Amino acid sequence: MGETWRAVLTKKAHETQAPYLLPSKMDPQLDERRLQEETQFLPYLAKDIEMPKGFEFRKEGLYFVPSNEEKPPVFICSEFVGITGRYENITDGTEGIIVSWSHNNKWKKLKRSRDNFMIQSKLVELSALGFPVSSLNQRLMVQYLIALERVNFKNIPVEKASEQMGWNEEGFLLGNEFIGDGSLSFVSSDKGEEQFANHYNAKGDINPWLNMIEVIKPYPKVIAGVYASFASPLLSLFGSKPFIFEWSGETSKGKTTAQKIAASVWGKPHENGILKRWNSTPVAIERAASLTNHVPLFLDDTKQANPQYIAVSVYHLASGQGKNRGSIKGMQTTKNWDNVIFSTGEQKITSFSRDGGSAARVFGLDGLPFGVANDKTYNLVRKIERVLKKHYGLAGQIFIKYILDNRDKFQEWEDYFYQRTDYYAEIAKGNTVLQRLAEHMGIIDLAGILFHKCFNQKYTAEKELLKLWEEIIRDNQETDRPKQALEDVISWVLSEENRLYIWDREKNFKPFDCIGKWNEAKSADLCLYPVKLESFLKTQGYEPSAILKSWAERKWISTASGRMKKKVSVKNIKEWMYVLKINVVSGI
């Protein structure tokens, strides 16, 4: 049997006078951070972890020792390197390794998939993270890690890990904090994701945070954001769909502060924390949504982003599924998520995309979150910002524990969710977009109830949420995509009147670039050529087939049997056209 790691480290500590290499047994002189770093290896190094044959750890560092004694040992690196753990990635079924090494009087570790350590070209990329590898020693380092794992396979501890936060079979993963039975750790594919997940943590005390919530209750647009934040982990529990919760309006009027309050439920609510900017690529935003999974994602300020990127991202974020992408060997794994995405911007996010499906997934609040912009509001926001610097992340952890401790009430909560969804849908009075938005309103309502129960508070927001819903109904003109498309078409037709075939008794005129037919008094149905109408809808960002289908369902167009078009006579020639009913057109 080869030399054990504990023996190696003991010898190394004495030779180099670097006692940090040898895990201490709770030395009271150690500071808290050093104590944590050293003791994390005690259970592992106490086992008979064996150095693989052909490798030795000497005073100068790690060496490869050829079996042929005539050949000299080959120096690999000066650091002690070991595999201190393995993990099973429950997200995609892959396996990974935790590699630790001593550097500058402290332990460092990397948690990556096996291929990062077992393939030379990938291993050398870890040099940027401080791992002792280069183009000169990468081959021997791979050989060492493979041999080390093989010799000690049964003794290396195995854990479960996930690339996504949120619910799993055992409980709930929030950043690096696992809430529930068993254990689960977070694993990332790069340092940026790891850093981002680390900000979903807790600081301070819950009471100052709850006192702040009491202060903002008179502001429905702000407290609704807090409820929506708590609603995010409820979506998958009750089969509700992901959606975007948005504050839009004038700049510097409280939108970002409202978002910070919602973000403080789960972690560090700052730009160097869990608030991300919209000025990222669609791929980066999809990765962030997939990582957060059941935990809210917070995106600030659409003004800084490429409008085309936002249009693409809105569709995918609202659908809860990333874009299908190919790889050299086939298709990449599609990213999925089921959470609430928060957004702020001067311009409504629905204005970037004309996709009707996305509009029904955007819960948009326009205007000032804190009502008015005056000295009182400014002072309030300033006090809130001070609280948010010191107290955050605790409420989310407490809320998840409350959910887990009350699983027997899931049916009761689900019944309430359906009841409130039907209630808000009924108020919408047949508006299909709002009826779909009613589900989001229902889950926000449920989250508000559960939040107050969790913290033993009286629920008093029912009237405020109802007023908010009525405001959303009044502001529904833009979210009703079919109606908005019809308005745009009528405006286009009126601006291009010289391209219409006009008839009135004996007068008629058909231009060369004709878009349709209408009578001079504009008192008859408006008839438009399919190619012209569909082309216009596409240029405005609409999906023609979806819009025309909705028009037909609402009976806004006259159709032939089994078709959405109708034969129209133009200069005694029958042609297929879309026929918009005059009573609908005149009502716009």
Side-chain angles (χ1 to χ4, degrees), residues 85-98 111-114 156-190 193-202 228-243 263 265-267 274 286-298 317 319-322 332-341 393-411 413-414 417 443 446-447 450-451 454:
R86 294 185 292 118
Y87 66 84
E88 298 174 0
N89 188 339
I90 66 172
T91 305
D92 58 10
T94 58
E95 295 184 2
I97 297 174
I98 304 170
K111 190 175 186 178
R112 294 288 188 273
S113 60
R114 287 178 57 83
I156 298 175
V158 182
E159 63 182 46
K160 289 185 177 181
S162 174
E163 295 178 4
Q164 294 182 300
M165 292 189 282
W167 299 109
N168 58 77
E169 293 180 0
E170 308 295 334
F172 194 92
L173 182 62
L174 179 58
N176 289 305
E177 180 76 17
F178 182 72
I179 305 169
D181 301 326
S183 64
L184 183 71
S185 61
F186 177 78
V187 62
S188 63
S189 57
D190 59 48
E193 290 185 359
E194 184 178 325
Q195 184 183 46
F196 177 56
N198 286 340
H199 291 312
Y200 280 87
N201 60 3
S229 189
F230 282 110
S232 189
L234 302 180
L235 298 183
S236 63
L237 296 181
F238 300 108
S240 189
K241 298 179 181 65
F243 64 95
V265 172
W266 303 103
I274 65 175
E286 283 181 21
R287 288 177 69 97
S290 175
L291 185 156
T292 50
N293 193 21
H294 300 136
V295 183
L297 174 64
F298 300 90
L317 288 173
S319 68
Q321 187 176 69
Q332 295 181 12
T333 303
T334 303
K335 302 291 185 180
N336 294 282
W337 51 88
D338 199 2
N339 59 356
V340 179
I341 313 289
L394 290 163
Q397 294 183 12
I398 296 171
F399 185 72
I400 293 298
K401 290 175 183 175
Y402 173 79
I403 298 296
L404 290 171
D405 292 340
N406 290 274
R407 301 179 202 191
D408 59 322
K409 297 181 180 178
F410 275 21
Q411 186 59 55
W413 296 346
E414 184 176 56
F417 164 55
I443 203 73
L446 172 62
L450 297 185
F451 161 66
C454 174

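All figures in this text were calculated on a predicted structure; none of them were measured in a lab. Sequence positions, counted from 1, serve as the residue numbers for this chain.
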Inter-residue atom distance I403.CD1 - I398.CD1, 0.5 Å rounding = 13.0 Å
message = I need the S113 OG to I97 CD1 distance, nearest 0.5 Å.
response = 9.0 Å
inquiry  = Between R112 and D190, does any side-chain N to carboxylate O distance fall below 4.0 Å?
reply    = no
remark   = Sequence neighbours excluded, the answer for ring-ring contact (aromatic ring centres under 6.0 Å, His included) partners of F196 is Y200
request  = Apply side chain to side chain donor-acceptor pair (under 3.5 Å) to S240 and list each qualifying residue two or more places apart in sequence or on a separate chain.
outcome  = E439
inquiry  = E414: which residues meet the side chain to side chain contact (heavy atoms under 4.5 Å, CB included) condition with it, sequence neighbours left out?
reply    = F238, Q411, Y418
inquiry  = With heavy-atom distances below 4.5 Å as the criterion, would you say the side chains of L174 and I400 are in contact?
reply    = no
key: Which residues share a salt bridge (Lys or Arg N to Asp or Glu O under 4.0 Å) with R114, sequence neighbours left out   = E149
request  = List the atom of A197, the atom of L291, and the distance in Å for their closest heavy-atom pair.
outcome  = CB-CD2, 4.3 Å
message = Distance check, rounded to the nearest 0.5 Å: L297 atom CG versus W337 atom CH2?
response = 9.5 Å
ask   = In Å and rounded to the nearest 0.5 Å, what is the CG to CE distance from L173 to M165?
value = 7.5 Å
query = Under the side chain to side chain contact (heavy atoms under 4.5 Å, CB included) test, which residues partner E177, sequence neighbours left out?
reply = I179, Q397
Using residues 229-236 as the side-chain source, report each donor-acceptor pair under 3.5 Å to any protein atom, sequence neighbours left out, with the distance given to one decimal.
residue, atom, partner, partner atom, Å
S229, OG, A262, O, 2.8
S229, OG, W266, NE1, 2.9
S232, OG, H294, O, 2.9
S232, OG, V340, N, 3.1

Any residue meeting side chain to side chain donor-acceptor pair (under 3.5 Å) with N339, in chain and number order, not counting sequence neighbours = T292
ask   = Can you check side-chain hydrogen bond (donor to acceptor under 3.5 Å, both in side chains) on D338 and N293, steps first, answer last?
value = CA-CA 6 Å; D338 199 2; N293 193 21; over 6 Å; no
task = Would you list the pairs meeting side-chain hydrogen bond (donor to acceptor under 3.5 Å, both in side chains) in which at least one residue belongs to residues 156-165, sequence neighbours left out?
result = N89-E163, T91-S162, K111-E159, E159-S185, Q164-S290
note = Between the CG atom in L184 and the CD atom in E88, the distance rounded to the nearest 0.5 Å is 11.0 Å
request  = Measure the spacing between CZ of F243 and CD1 of I341 and express it to the nearest 0.5 Å.
outcome  = 10.0 Å
message = If the condition is side chain to side chain contact (heavy atoms under 4.5 Å, CB included), which residues does N406 pass it with, not counting sequence neighbours?
response = Y402, D408, K409, W413
